[in-house]
Amino acid sequence: MSNMARLKTKFYQQNTFKLAQALLGKYIVRKYNKITLIGKIVETEAYYGPHDLASHASRGRTPKTEIMFKQAGLAYIYLIYGMYYCFNISTEKKDFPAAILIRAVEPIAGINQMIRNRYLKNKKFNPLITTYHLPLTKIANGPGKFCQAFKIDKNLNSENLITSKKLWLAKNSQEKIKSFQIIKTKRIGIDYAGKYKNKPWRFYLKNNTFVSKF
DNA sequence: CCTGGGATTTTCT
DNA sequence: GAAAATCCCAGGA
């Protein structure tokens, strides 16, 4: 992990679709209570502009969607289906609504804690049990599961990833993803989005077993 | 393998 | 009051 360097402003200022692909293979670092969790991003989705019917921003600028209209590099976190959180990164310039949803990560460090975090809200959680089991590929293979594992919730909404001490992104300069390793396909769970529902704005690493859906 | 329904709460109409 | 960028489990083929 010695080659890990935090991603700075310039990285986030790329075009949303380029950034959604550049995020693949990068690391998410989460710190709380002296615990450090690290995951490698393997799947993203872009939500772009005021007309994208799959984007919350297509229904206007509201308190909820405000972060999507801010500058690049902020955490946009919302509650979905009353139960799960989704973590996004704001992109593009101020007043242009866009964001990238992190849909899946490969667990790298703090794996036992991630598994415990996943069970904490589960009805089957029993505080007397200290060891839970979950296959590595099912810890964070979905946007809701990832947030649960990494203890990401509304408290981190609007967090600045460039300066935060709790949540940021990093890269290992020795690791490079080539474009042939990236699958581009339609986004998940947005069948209501009319002509935007089939846009190939979902990106994931080819043959990667940590993605939410193949 | 697949399909369908329930959980749960914020947000906006 | 309805919908929602999800997840899990049950039941049938």
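Basis for what follows: all heavy atoms, side chains included, without hydrogens, waters or symmetry-related copies. Chain A is the first sequence line, chain B the second, and so forth, proteins listed ahead of strands; every chain is numbered from 1.
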Check your understanding: Hey, is A:Tyr81 doing a stacking thing with C:dT6, by the 5.5 Å centroid and 30° angle criteria?
Key -> yes

**Study point:** d(CD, A:Gln148; P, C:dA5) in whole Å
**Key:** 18 Å

Point to revise | Centroid-centroid distance, A:Phe69 to A:Phe96, less than 6.0 Å | key: no

Check your understanding: Has A:Tyr78 got its ring stacked on the base of C:dA5, with centres under 5.5 Å and planes less than 30° apart?
Key -> no

Practice item. Please work out if A:Lys197 contacts a base, only the sugar-phosphate, or nothing of the nucleic acid, heavy-atom cut-off 4.0 Å. Key: nothing

**Study point:** Minimum-distance nucleotide (side-chain atoms of A:Pro63 versus B:dC12, B:dT11, C:dA5)
**Key:** B:dC12

Check your understanding: Rounded to the Å, how far apart are A:Ile80 CD1 and C:dA2 C1'?
Key -> 13 Å

Check your understanding: Out of B:dA7, C:dC8, B:dT9, which nucleotide sits closest to the side chain of A:Leu79?
Key -> B:dT9

Review point. Any idea which of C:dA5, C:dC8, B:dT11 is nearest the A:Lys154 side chain?
Key: B:dT11

Practice item. With heavy atoms under 4.0 Å as the rule, sort A:Gly144 into base, sugar-phosphate or nothing. Key: sugar-phosphate

Point to revise | Ring centroid separation A:Tyr78 to A:Tyr76 under 6.0 Å | key: yes

Review point. For A:Ser212, which contact category applies under a 4.0 Å heavy-atom criterion: base, sugar-phosphate, or nothing?
Key: nothing

Study note, to complete from the structure: Checking N1-N3 plus N6-O4 or O6-N4 for Watson-Crick, or N1-O2 and O6-N3 for wobble, each under 3.5 Å, the partner of B:dC2 is C:dG11

Revision key, fill the gap. If pairing means Watson-Crick or G-U wobble with both distances under 3.5 Å, then the partner of C:dA5 is none

Exercise for review: Let me know the distance between CG of A:Leu53 and P of C:dA4, rounded to the nearest Å.
Suggested key: 12 Å

**Study point:** Presence of A:Lys138 side-chain N/O under 4.0 Å of C:dC7 phosphate oxygens OP1/OP2
**Key:** no

Exercise for review: Check the distance between B:dC12's P and A:Lys64's NZ and give it to me in whole angstrom.
Suggested key: 7 Å

Practice item. Report, as yes or no, whether the 6.0 Å neighbourhood of atom NZ on A:Lys26 holds more than 12 heavy atoms from other residues, nucleotides or ligands. Key: yes

**Study point:** For atom OH of A:Tyr192 and atom C1' of C:dA2, their distance in whole Å
**Key:** 14 Å

Exercise for review: Could you state the atom-to-atom distance from CG of A:Leu134 to P of C:dC7 in whole Å?
Suggested key: 13 Å

Review point. So, for A:His56 and A:Tyr47, is the gap between ring centers shorter than 6.0 Å?
Key: no

Practice item. In sequence, state the C-alpha distance, the side-chain angles, and the governing distance for A:Val211 and A:Leu205, and then conclude on side-chain contact (heavy atoms from CB on, under 4.5 Å). Key: CA-CA 8 Å; A:Val211 303; A:Leu205 292 176; 5.5 Å; no

Check your understanding: With a 4.0 Å cut-off on heavy atoms, is A:Leu101 in touch with a base, just the backbone sugar-phosphate, or nothing at all?
Key -> base

Check your understanding: Under 4.0 Å between a side-chain N/O of A:Arg59 and OP1 or OP2 of C:dA2, yes or no?
Key -> no

Check your understanding: When the distance from OH of A:Tyr76 to P of C:dA5 is rounded to whole Å, what number comes out?
Key -> 8 Å

Point to revise | Distance, rounded to the nearest Å, where A:Phe146 contributes CZ and C:dA5 contributes P | key: 18 Å

Review point. Below 3.5 Å, does any donor atom in the side chain of A:His56 face an acceptor in the base of C:dA5, or the other way round?
Key: yes

Review point. Will you find, in the side chains of A:Glu92 and A:Tyr12, an N or O donor that is under 3.5 Å from an N or O acceptor?
Key: no

